[in-house]
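This report concerns only the one structure given below.
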Protein chains: 2
Amino acid sequence: MTDRTGRRRDSERRDDDRRDLAAMVHPVLRLLVAAELPVLAAHDVSMWGYSVLTALDEGPVRTQATLAEAIGADKTRIIGTLDELQDAGLISRTPDPNDRRARLLSITDEGRRVRRAVRSDIRAKEKHLLARLTPAERTTFVRALEKLSALSPDDLPDAQGLP
Amino acid sequence: MTDRTGRRRDSERRDDDRRDLAAMVHPVLRLLVAAELPVLAAHDVSMWGYSVLTALDEGPVRTQATLAEAIGADKTRIIGTLDELQDAGLISRTPDPNDRRARLLSITDEGRRVRRAVRSDIRAKEKHLLARLTPAERTTFVRALEKLSALSPDDLPDAQGLP
DNA sequence: TATTGTTATACTCTATAACTATA
DNA sequence: TATAGTTATAGAGTATAACAATA
């Protein structure tokens, strides 16, 4: 049934023998990032910059902290990114007249153009990777990813932060 | 058909409107890592340590560089990890008598025990996450991950390193 | 006093290169 | 001289805390 080290033979492989999810997801992410970096570089946008453009293309945001949280970043570390995007004319960033502490953030037409150009190039590369899957696998894989990526850490068991 | 900003309404959503894969995979990995860290801490193993144990549980390895490459790490950065694992008695690490430059690496019985205990705990947490998917989605998702995680950077289009 | 954004500091991770020991 | 491993250094990325402006 099992060999000396406790591993099952291929013919008897069960779901149990698979690697941990993280051990599979990590290389996949590495692959995707490797595919994206040259595209981003060609369009002169950083990874965080692209993430910001994507978020703002969904609609404007009233504070930088909100935006930072939306893309899973620290509020202090997107500042440089916002500076770059603003200098490049890809986003607009002005103090809220009603509360001058906050910065109204929105994507510009040029920003939208760049974002979509980048996305189109990335899509093309993703297509090559997803071609390794059957059409049915592709659809299900993407839907599963959408579901799982929408979860928050609070959805983990025992994830209630210690008060 | 599309609203002012070019977004389609939900009822007409097409595959095209999905986020980029990396934008979905990244949060999923974050979630998985958040789930794993407390487990690893409870067993006094680092993430890299666990990765090494997993690799060595597949069988012994003759050089550290080989092991490093197998787990996608730099050969210099697993040294500390190997020190810890060895001190904890979880791996054996001895010079190859035939070529004393190389280090024969293998997992110990205790290492195997720890690795499996960790894996079992991680599996339990993964189960909670995968419960968000239907059984059919689960199976397909895992299989798709297995396929994609097996790809190398060379499988990307235009990935031929410049000579 | 509380909140938003910014800057400064330190800390972690990683990569590069220099070194040792074997061959 | 070439290879495996180690150590040292520096660099990038990130988080923490202090600060300035506004409310």
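First the proteins, then the strands, lettered A, B, ... as listed; each starts at 1.
Atom-to-atom distance recorded for A/Leu31:CG and A/Glu36:CD is 11.0 Å, nearest 0.5 angstrom. Considering CD1 of A/Ile71 and CG of A/Leu56, their distance stands at 8.5 Å, rounded to 0.5 Å.
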Annotated protein contacts, base or backbone, on nucleotides 14-23 of chain D with a non-hydrogen cut-off under 4.0 Å, one of B, S, - each: SSBB----BS
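Taking atom CG of B/Asp83 as the reference point, atom C1' of D/dG5 lies 11 Å away to the nearest angstrom. Rounding to whole angstrom units, CD1 of residue B/Ile71 and C1' of C/dT14 are separated by 14 Å. Between the C1' atom of C/dG5 and the CZ atom of A/Arg62 lies a distance of 12 Å, rounded to the nearest Å. In this entry the distance linking CG of A/Leu82 with P of C/dG5 reads 9 Å, nearest Å. Between the P atom of D/dA12 and the CG atom of A/Leu37 lies a distance of 15 Å, rounded to the nearest Å. Look at CG on A/Leu104: it is 13 Å from P on C/dT4, rounded to the nearest Å. Residue B/Ile79 contributes atom CD1, which lies 15 Å from atom C1' of C/dC13 at whole-angstrom precision.
Using modelled atom types, no side-chain atom of B/Ser51 and backbone atom of B/Met47 make a donor-acceptor pair closer than 3.5 Å. Side-chain atoms of A/Asp96 come within 3.5 Å of backbone N or O of A/Asn98 as a donor-acceptor pair. Side-chain atoms of A/Thr139 come within 3.5 Å of backbone atoms of A/Pro135 as a donor-acceptor pair (strictly under, hydrogens ignored).
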Are A/Arg19 and B/Ser149 close enough, and set up right, to give a side chain to side chain donor-acceptor pair (under 3.5 Å), and what steps lead you there? CA-CA 11 Å; A/Arg19 279 175 291 158; B/Ser149 65; 3.0 Å; yes
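For the segment residues 20-32 of chain A, the set of residues with a heavy atom within less than 4.0 Å of an atom of DNA chain D is empty.
Applying the side chain to side chain contact (heavy atoms under 4.5 Å, CB included) rule to A/Pro95 yields the partners A/Arg100, A/Arg103; only residues at least two apart in sequence or on another chain are considered.
Remark: of the listed residues B/Arg119, B/Arg115, B/Arg123, B/Lys125, B/Arg123 is the sole one forming a salt bridge (charged side-chain N to carboxylate O under 4.0 Å, His left out) with A/Asp20.
Of the side-chain N and O atoms in A/Arg93, none sit less than 4.0 angstrom from OP1 or OP2 of C/dT4.
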